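Note that these values count all heavy atoms, side chains included, but never hydrogens, waters or copies made by symmetry. This structure is a prediction, so every number in the text was calculated from the model and none was measured.
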Amino acid sequence: MKIWIAMCSGNDAAWSQWTSNLAEWLKDTMTTYASGCDGPVRMAEFQYRYERHGRKTREEGLGAACVLDGWLKHAQCGQIWGDHMPMGTRHQLLQTFNQHPEGMMQSSSGDFTLSVWDRERETLCIGSDVYGSRPIYYWISPEQELFVSSDLRALLHVHHIPFDIDYERCLLYLSSQYAVGENNFEANTFFKGICKIPAATIARWNNGRWTLNTYWGMHNLLNLENIQQDAAPMFRNAMIEAVGDRLHHSTSIVEVSGGLDSAAVLAAAIAGGHKERVLGVNISFSGEDMVQSNDMDLVRRLFQDLQMPSIIILGDNTLKMPNAELGRDPLWFLDGPDPRANVLINEMYTAIANEFGTDAGLTGEGGDFLFTGEEYVLDSLIRQRKWKEMLHTLWAWSDQKLGKAIQLGAAYGLAPFIPVVNDRMYYKLAWSDSEYEMPEYFTQAHMARERSAQRDDYMRYKQSKPFKYWGKRYHYDYTWPRASYLDAVGVSMQSMHPFFDRRMMELSFSVPTEQHYDVLRGEVDNYYGTKMLIRKAFTDILPTYLHNRVTKTSYAHMARKSLLNERSNLLQLFDRSEEVLLHQLEVINKHKFWEHLLGTLIRVSDTNNDLGMSYQYLRMVISMEIWLREMSKGKAAVLERAKPRSPRWLADIEIVGELQQFKEIKNHSFMTGV
């Protein structure tokens, strides 16, 4: 794993202090330190591992004013990995980038962050990949000095960067825009003055002036031609390439949930001839009360049918509210509360990765956003002048009932072509059901904040109007803004997301909606009609019970279980005699919240109660209160908690098949074999 930093300033004392602080902080885990300078620019890379096994830190020079984290692929440079970048490769990357920055980035693939010094133009350039799958943070001093890093924790080691919480930004996090939907702050953080580089952006610093230029986005997607032939073979080939490009290590973990998205990643690895280089890892639950959130039997059968030695994590013990007992769990997510449903399982993934000598994993994130689809097919067929197919689809979709056909035809066929009706009808059909009533424990001041957030959401949906096809609008609105969990710094196993590859995203927007969603299959079950390209692409590898899954697994009961496991800690945390920061900030009424929390904790004993959407608000309040209390301890305490440490084994595991790698590894008492 790597942290890179860059500074544009002639202040040698500040640079020396910054690098010394970071080296001291990483001394127990750092394996390589490389640094260099060119004119006013200083750059450094710190590589570290959780298991060092007593190795000494290797110090070397960068050789060129260019740093990269992750991986990048470009026709002229080839494929470059940041964890091993020879001097010649570093020079080639520097030269190619400086020749035509926007053109190079637009034609590149990868999960990366990049910083390059253009000596000729005296400009420091910082680039994010097309989806911003890794964060880049920066701070500008009053003296116009620029500090940049791929890790927020590194910036906090700069002595004169203030540790100043942006409370207004924190409180916005509690609105439905963030608590219920997928959203992030894009260019902002919860710390005043510390900002992020947006996705698909080249940021330039020249003579104390800062400019941001987007090199890829909506305009590129709008210019894509519709694919008229069957796109399933194209999806298969693109997925094989996107997955294969990410298999750099001798072993890479593929997170297999039992759903279609992660199964497609696994199948692409097998189809690409990489079966021996991937380890399937699944999280399931052994408790009988978690049966509705348990795909263990299906995943075990999948691993056995594919003859793939794999691991199933039994994650019952990880279903907790992180830090509900303050000071218990490592604070690994600094840029606000970690929004992931089962945070501690990431530590378990990292522990398994360490056993296999890797720090890389592939996920199925993005499949839901890009290749799912909804019932927006009629306007697509009309725009393509496929009249016969449109009439056949409409008649079959309406069960051959004239009244229903007229109703569906008007809503999904005519409305997109009527300017006044188009936007309102699209919002009503696609997004109005995402608005939820706020719980009564929120104050009137916060209710006003919520109303403002809803207006912002509506304006964001209107911005996707250039996509005339409702299905493509839906994909765009669903994919952007990015999910906030992507802003987690890479302190656990590094995750790569093949679905967020530029090639995969462009393919998604090239495919007409009717190839993404089958309205007739959707009549059986909505999920059964979605993700048609994923279902068709790997039928030779994935068994029928997987690629023809009718229902989607519900993880709602993970929420119930986490509250059940944390009842005593949560009651202590929000005890009415305690000072509640969100009450002091006039966000919640702590007395009303206490009553709501108490009632919820009583209801969680009912195994049939999935808590509904009110849980999302409850979780955000709990998480934000905990995060604010942790931050109130000050910078030194936060950095000590956030220091890289060896991950803990937090769960039992079940091994499916024979795993040769485990033969020489210490005998864990929690292992069982199948």
Side-chain angles (χ1 to χ4, degrees), residues 1-9 15 18-19 22-23 26 30-49 57-130 133-138 146-151 154 197 201-206 215 245-249 359-360 490 494 496:
M1 285 167 285
K2 176 187 284 188
I3 296 173
W4 62 254
I5 62 174
M7 184 181 85
C8 198
S9 163
W15 177 252
W18 190 11
T19 53
L22 267 173
L26 289 167
M30 185 166 57
T31 59
T32 305
Y33 167 66
S35 64
C37 63
D38 191 339
V41 168
R42 313 284 188 274
M43 291 184 179
E45 295 178 340
F46 300 81
Q47 298 212 47
Y48 66 94
R49 294 196 63 84
T57 299
R58 187 174 73 252
E59 295 190 17
E60 54 192 39
L62 285 176
C66 171
V67 289
L68 171 76
D69 182 30
W71 70 278
L72 179 149
K73 183 178 182 181
H74 183 263
Q76 193 170 339
C77 297
Q79 189 159 354
I80 304 173
W81 287 83
D83 62 356
H84 179 68
M85 195 159 47
M87 191 171 298
T89 303
R90 199 182 295 267
H91 275 286
Q92 179 66 52
L93 178 59
L94 175 68
Q95 182 181 4
T96 305
F97 181 92
N98 284 339
Q99 284 174 351
H100 187 10
E102 275 78 10
M104 177 195 167
M105 296 288 274
Q106 192 176 77
S107 58
S108 296
S109 301
D111 306 272
F112 63 86
T113 61
L114 173 71
S115 183
V116 170
W117 170 243
D118 185 341
R119 180 191 296 176
E120 182 178 340
R121 298 175 181 84
E122 296 186 336
T123 299
L124 180 64
C125 303
I126 301 100
S128 56
D129 64 42
V130 293
S133 60
R134 296 163 184 250
I136 310 173
Y137 302 88
Y138 68 92
L146 176 68
F147 297 82
V148 189
S149 179
S150 60
D151 194 315
I197 306 293
T201 295
I202 297 176
R204 290 179 170 87
W205 179 262
N206 176 268
Y215 64 82
D245 282 346
R246 288 164 170 80
L247 297 177
H248 170 60
H249 297 74
D359 61 8
Q494 298 183 76
M496 294 177 285

For Arg42, all residues meeting salt bridge (Lys or Arg N to Asp or Glu O under 4.0 Å), sequence neighbours excluded:
Asp12
Provide the closest heavy-atom pair for Trp15 versus Met7 in the form atom of the first, atom of the second, distance.
CB-CE, 3.5 Å
Taking atom CD of Gln99 as the centre, report whether more than 12 heavy atoms of other residues, nucleotides or ligands fall under 6.0 Å from it.
yes
Side-chain (Trp117) to main-chain (Leu94) donor-acceptor, under 3.5 angstrom:
no
Would you indicate whether the side-chain heavy atoms of Asp359 and His249 approach each other to under 4.5 Å?
yes
Tell me if a side-chain donor or acceptor on Arg90 pairs with a main-chain N or O of Cys66 at a distance below 3.5 Å.
yes
Worked check of side chain to side chain contact (heavy atoms under 4.5 Å, CB included) between Ile202 and Phe97:
CA-CA 11 Å; Ile202 297 176; Phe97 181 92; 4.3 Å; yes
Would you say the side-chain atoms of Gln106 pair up with the backbone N or O of Tyr215, donor to acceptor, closer than 3.5 Å?
yes
Between Leu93 and Leu114, does the side chain to side chain contact (heavy atoms under 4.5 Å, CB included) criterion hold? Intermediate values first, please.
CA-CA 10 Å; Leu93 178 59; Leu114 173 71; 3.8 Å; yes
For the atom pair OG (Ser35) and CD1 (Ile5), what is the distance rounded to the nearest 0.5 Å?
9.0 Å
Using modelled atom types and a 3.5 Å cut-off, is there a donor and acceptor pairing between side-chain atoms of Asp129 and backbone atoms of Phe112?
yes
Under the 3.5 angstrom rule, does the side chain of Thr31 hit a backbone N or O of Gln47 as a donor-acceptor pair?
yes
Treating Ser149 as the side-chain partner and Tyr137 as the backbone partner, does any N or O pair qualify as donor plus acceptor under 3.5 Å?
no
Roughly how far, to the nearest 0.5 Å, is the CZ atom of Arg119 from the CG atom of Asp38?
4.0 Å
Between the main-chain N or O of Asp245 and the side-chain N or O of Gln79, is there a donor-acceptor pair closer than 3.5 Å?
yes
With distance as the sole test, does Asp151 use its side chain to make a donor-acceptor pair with the main-chain N or O of Ile3 at under 3.5 Å?
no
Within the 4.5 Å heavy-atom criterion, are Tyr33 and Thr19 side-chain neighbours or not?
yes
Give, for atom CD1 of Ile197 and atom CD1 of Ile126, the distance between the pair rounded to the nearest 0.5 Å.
5.5 Å
Here the pair of heavy atoms bringing Gly127 nearest to Met105 is CA-CE, 3.6 Å
Is there a donor-acceptor pair closer than 3.5 Å between any side-chain N or O of Thr89 and the backbone N or O of Met85?
no
Aromatic plane relationship, Trp71 with Trp81 - under 30° parallel, 30 to 60° tilted, over 60° perpendicular
parallel
Between Ile80 and Gln92, does a side chain to side chain contact (heavy atoms under 4.5 Å, CB included) hold up when you go through it step by step?
CA-CA 10 Å; Ile80 304 173; Gln92 179 66 52; over 6 Å; no
Working to the nearest 0.5 Å, report the span between CE of Met30 and CG of Leu22.
8.5 Å
Taking side chain to side chain contact (heavy atoms under 4.5 Å, CB included) as the test, write out the residues that go with Ser108, two or more places apart.
Leu72, His74, Met104
With a cut-off of 3.5 Å and sequence neighbours excluded, list every side-chain donor-acceptor pair involving residues 58-65.
| residue | atom | partner | partner atom | Å |
| --- | --- | --- | --- | --- |
| Arg58 | NE | Glu60 | OE1 | 3.1 |
| Arg58 | NH2 | Thr32 | OG1 | 3.3 |

Answer yes or no: is there a side-chain heavy-atom contact under 4.5 Å between Asp118 and Asn206?
no
Minimal heavy-atom distance between Val67 and Ala44, with the atoms involved, is CG1-O, 4.4 Å
Looking at CD of Glu102 and OG1 of Thr201, how far apart are the two atoms once the value is rounded to the nearest 0.5 Å?
10.0 Å
Nearest 0.5 Å, what's the CE-OG distance between Met1 and Ser150?
12.5 Å
Heavy-atom closest pair, residues Asp83 and Lys2:
N-NZ, 4.3 Å
Centroid-to-centroid, Tyr138 to Trp205, below 6.0 Å?
no
Run the side chain to side chain contact (heavy atoms under 4.5 Å, CB included) check on Trp4 and Leu68 step by step: do they pass?
CA-CA 8 Å; Trp4 62 254; Leu68 171 76; over 6 Å; no
Is there a side-chain contact between Asp111 and Arg134 (heavy atoms, below 4.5 Å)?
yes
